[in-house]
Amino acid sequence: MTVATLILMASTLGSRVLGLVRDALLAARLGTGIEADAYATAFSLPDLVNTILAGGFLSLSFMPLYSRIQRERGEDASRRFLGGVTLALLAAGVVTVLAMSWWAGPALALLQPGQVGTESMAKAIHLTRILLPAQIFFLLAGTWTGAQNFRKKFLFPALAPLVYNTGIIAGGWFLAKTLGAEGFVWGALGGAFVGHFLMQAVGLRMASVGISLPTKETLQDLRAFFWRSAPLMLGLTLGFSSELLLKRFSGYLGSGAIAQASYAFRLIMVMVALFGQSAGVASYPYLVELAGSGQWDRFQGLVGDTLRRLATMLIPATVLASLFAPELVRLAFQRGAFDAAATQSVAFHLRTMAWAIFPWCVQIVLARGLYARGKFWFGAALGTGCVLVSWPLWAQLVQKYGSAGVGPGLVLLVVLQAVVFSIAWWKSPSGRDAFRNLLPHLLETLAISLFFGGMARWLTSSGGLWTPLIGGGLAALMIFCVGCTRTWPGMEPLVRKVRTRFGLS
């Protein structure tokens with residue numbers, strides 16, 4: 001699992017670095033005006049299609065069934081099952097994409113009513129029709145990566161987001177000067193085709209995963225698969241709902257508001273993806289195995305260890321990102337059409353949104369733990385309920401405080417999800433074992449991070465760009481040293497190596 005996590009973290013880090021390059025290029029080419037709003041809005045409907053078809057989550061429902069079929073009935077049955085799923089998803093994807101392309105205008109008006117009748121909306125409808133076919137590639141990749149991950153093959157799935165972001169960058173670099181936002185969109189479509197379709201097909205072959213035509217006996221397996229997938233399709237997931245509501249509410253705040261909130265959102269998603277999603281994806285095959293064999297002590301121990309390690313890494317990151325938000329935004333985006341005023345607007349959102357990073361990762365780990373136990377409907381119901389409760393509260397915050405309510409609304413949604421999933425997990429058999437020593441560790445990490453981070457912010461408040469960044473780096477180093485001294489979770493292997501290297505143990 002450690003090797004898998006490192007592979008996925010390296011992939012995620014590379015993808016997010018490319019993502020920052022992509023966003024910096026996007027900011028330089030489009031700024032925060034109409035084109036940038038259109039680009040951000042154009043992803044709303046494709047993301048909805050991806051959510052309806054559970055394209056980003058199909059590996060969760062696919063892997064337990066694939067594992068059981070192969071264990072109980074052999075390789076041939078698992079090949080036919082994968083073939084049946086592939087054909088069914090291909091048909092569903094083509095029909096849905098064609099329908100959404102036809103009704104792109106009314107659908108976007110429903111999703112983003114604040115943009116109706118604007119120039120950015122007209123542009124967004126055109127961009128949406130270009131982006132929609134990419135969802136077919138994401139849909140097929142959802143199960144193909146699940147089959148590879150089941151065999152503990154993570155390389156080709158890990159490369160997919162790197163290729164996808166490279167495609168967007170290439171489109172922006174070569175086409176955006178003449179086509180504007182459309183250049184980035186064509187790059188996204190090409191990156192999805194190469195990274196999520198062609199490369200995953202090669203990955204199946206390299207992992208010796210076969211696909212065969214389904215038979216009548218496969219129908220029962222397919223029914224079980226779609227029954228498990230239905231809650232993922234019908235439920236309101238945190239990733240989709242947060243971004244949809246963020247854009248929806250920002251759409252009422254004038255030109256550029258969607259782009260400003262989206263830039264801050266992308267920065268926090270760097271940390272969420274790097275740690276939360278990497279840990280969740282890497283641990284899921286092992287959680288499925290432990291749940292299938294009834295090893296509940298090891299199961300809860302793995303969940304608890306993951307949560308404590310996330311706290312070690314993400315609490316300091318949250319504090320420093322919030323305190324040094326202007327410098328981070330300036331370093332990431334301020335060039336070309338993205339000016340100093342845009343930097344301040346995005347940093348204003350980032351200061352608050354950063355506090356959603358750790359609870360978001362907690363929700364990812366606990367949700368995957370529920371899915372590994374077969375609790376698909378229960379997990380989807382919890383997530384959907386949290387979204388429905390948070391939606392009107394977030395709307396009231398934006399209505400009352402304007403742009404100042406966007407960030408707190410996001411944090412409210414994410415924290416509520418983390419709390420509700422934690423309570424549900426606590427009440428499960430031996431569930432409290434996963435939270436052992438977590439709260440004291442959280443408080444200690446938060447206090448130390450606030451002390452060193454606040455001191456660095458105070459000492460460098462009058463500097464330019466690099467002085468605060470150097471101060472923040474030194475604060476991170478001090479927090480790291482204290483963590484090693486206190487042997488925080490996740491630092492034990494490093495401490496042991498240092499002691500062995502210098503003859504201290």
Side-chain angles (χ1 to χ4, degrees), residues 1-6 8-9 57 59-61 63-65 67-68 71 146 149-150 152 154 228 231-232 238 272 275-315 357-383 385-386 414-446 483 486-493:
M1 178 179 164
T2 300
V3 174
T5 303
L6 291 175
L8 291 166
M9 287 185 68
F57 300 94
S59 62
L60 300 178
S61 56
M63 198 183 304
L65 278 173
S67 172
R68 190 185 71 188
R71 183 175 62 250
N149 290 345
F150 168 74
K152 311 301 189 296
F154 297 93
R228 287 171 175 253
L232 302 178
L238 178 57
V272 171
F275 294 103
Q277 292 179 4
S278 296
V281 172
S283 65
Y284 189 65
Y286 300 91
L287 291 174
V288 169
E289 288 184 1
L290 293 174
S293 58
Q295 301 181 61
W296 298 112
D297 289 341
R298 293 181 61 191
F299 184 94
Q300 296 291 358
L302 179 57
V303 172
D305 187 55
T306 302
L307 293 178
R308 288 185 289 273
R309 288 170 182 263
L310 287 174
T312 296
M313 295 177 284
L314 294 179
I315 296 301
I357 295 173
F358 176 68
W360 196 314
C361 293
V362 170
Q363 190 272 347
I364 289 175
V365 172
L366 296 182
R368 288 181 181 271
L370 287 175
Y371 298 147
R373 292 164 49 198
K375 305 285 186 179
F376 290 93
W377 285 95
F378 181 61
L382 288 181
C386 291
V414 177
V415 169
L416 181 61
Q417 291 251 359
V419 170
V420 169
F421 273 84
S422 297
I423 293 173
W425 195 269
W426 179 277
K427 293 186 176 181
S428 67
S430 303
R432 63 184 61 192
D433 293 344
F435 300 98
R436 185 174 297 149
N437 299 324
L438 178 60
L439 182 59
H441 177 50
L442 273 176
L443 295 176
E444 179 178 316
T445 310
L446 179 62
R486 298 285 297 166
T487 320
W488 285 349
M491 294 187 174
E492 303 96 325

K.L.:
So, using side chain to side chain donor-acceptor pair (under 3.5 Å) as the criterion, who are the partners of Arg432 when residues are at least two apart?
P.N.:
none
K.L.:
Write out all pairs satisfying salt bridge (Lys or Arg N to Asp or Glu O under 4.0 Å) with one or both partners inside residues 297-306, taking only residues at least two apart or from two chains.
P.N.:
Asp305-Arg309
K.L.:
Compare every heavy atom of Leu366 with every heavy atom of Phe435, then report the nearest pair and how far apart it is.
P.N.:
CZ-CD1, 4.2 Å
K.L.:
Apply side-chain contact (heavy atoms from CB on, under 4.5 Å) to Ser67 and list each qualifying residue two or more places apart in sequence or on a separate chain.
P.N.:
Arg71, Phe150
K.L.:
What residues, two or more places apart in sequence or in another chain, satisfy side-chain contact (heavy atoms from CB on, under 4.5 Å) together with Ile423?
P.N.:
Val419, Lys427
K.L.:
Which pair of heavy atoms, one from Leu287 and one from Gly369, lies closest together, and at what distance?
P.N.:
CD1-CA, 4.2 Å
K.L.:
I need the minimum non-hydrogen distance between His441 and Thr445, along with the two atoms involved.
P.N.:
O-OG1, 2.6 Å
K.L.:
With side chains defined as the heavy atoms from C-beta onward, is the minimum distance between Ile364 and Val272 less than 4.5 Å?
P.N.:
yes
K.L.:
Among residues at least two apart in sequence or on other chains, which ones pass side chain to side chain donor-acceptor pair (under 3.5 Å) with Arg68?
P.N.:
none
K.L.:
Shortest non-hydrogen contact from Pro489 to Thr312?
P.N.:
O-OG1, 2.8 Å
K.L.:
For the side chain of Arg308 and the backbone of Arg436, is there at least one donor-acceptor N/O pair under 3.5 Å apart?
P.N.:
yes
K.L.:
For a side-chain contact (heavy atoms from CB on, under 4.5 Å) with Lys375, tell me which candidate from Phe378, Tyr371, Trp377 qualifies.
P.N.:
Phe378
K.L.:
Leu310 vs Val362, test: side-chain contact (heavy atoms from CB on, under 4.5 Å). Steps then yes/no.
P.N.:
CA-CA 8 Å; Leu310 287 174; Val362 170; 5.6 Å; no
K.L.:
If every non-hydrogen atom of Ala372 is compared with every non-hydrogen atom of Ala291, which pair is closest and at what distance?
P.N.:
O-CB, 3.5 Å
K.L.:
List the steps and the verdict of side-chain contact (heavy atoms from CB on, under 4.5 Å) for Val420 and Gln363.
P.N.:
CA-CA 9 Å; Val420 169; Gln363 190 272 347; over 6 Å; no
K.L.:
Rounded to the nearest 0.5 Å, how far apart are CG of Leu382 and CG of Leu238?
P.N.:
12.5 Å
K.L.:
Work out which heavy atom in Pro359 is nearest to a heavy atom in Ala418; give both atom names and the distance.
P.N.:
O-CB, 3.4 Å
K.L.:
Taking only residues two or more places apart in sequence, or in another chain, which ones meet Ser422 in a side chain to side chain donor-acceptor pair (under 3.5 Å)?
P.N.:
none
K.L.:
Which residues pass the side-chain contact (heavy atoms from CB on, under 4.5 Å) test with Ala434, sequence neighbours left out?
P.N.:
Gln300, Val303, Trp425
K.L.:
List the steps, then state whether side-chain contact (heavy atoms from CB on, under 4.5 Å) holds for Trp296 with Asp433.
P.N.:
CA-CA 10 Å; Trp296 298 112; Asp433 293 344; over 6 Å; no
K.L.:
Can you list everything that forms a side chain to side chain donor-acceptor pair (under 3.5 Å) with Trp360? Sequence neighbours excluded, please.
P.N.:
none
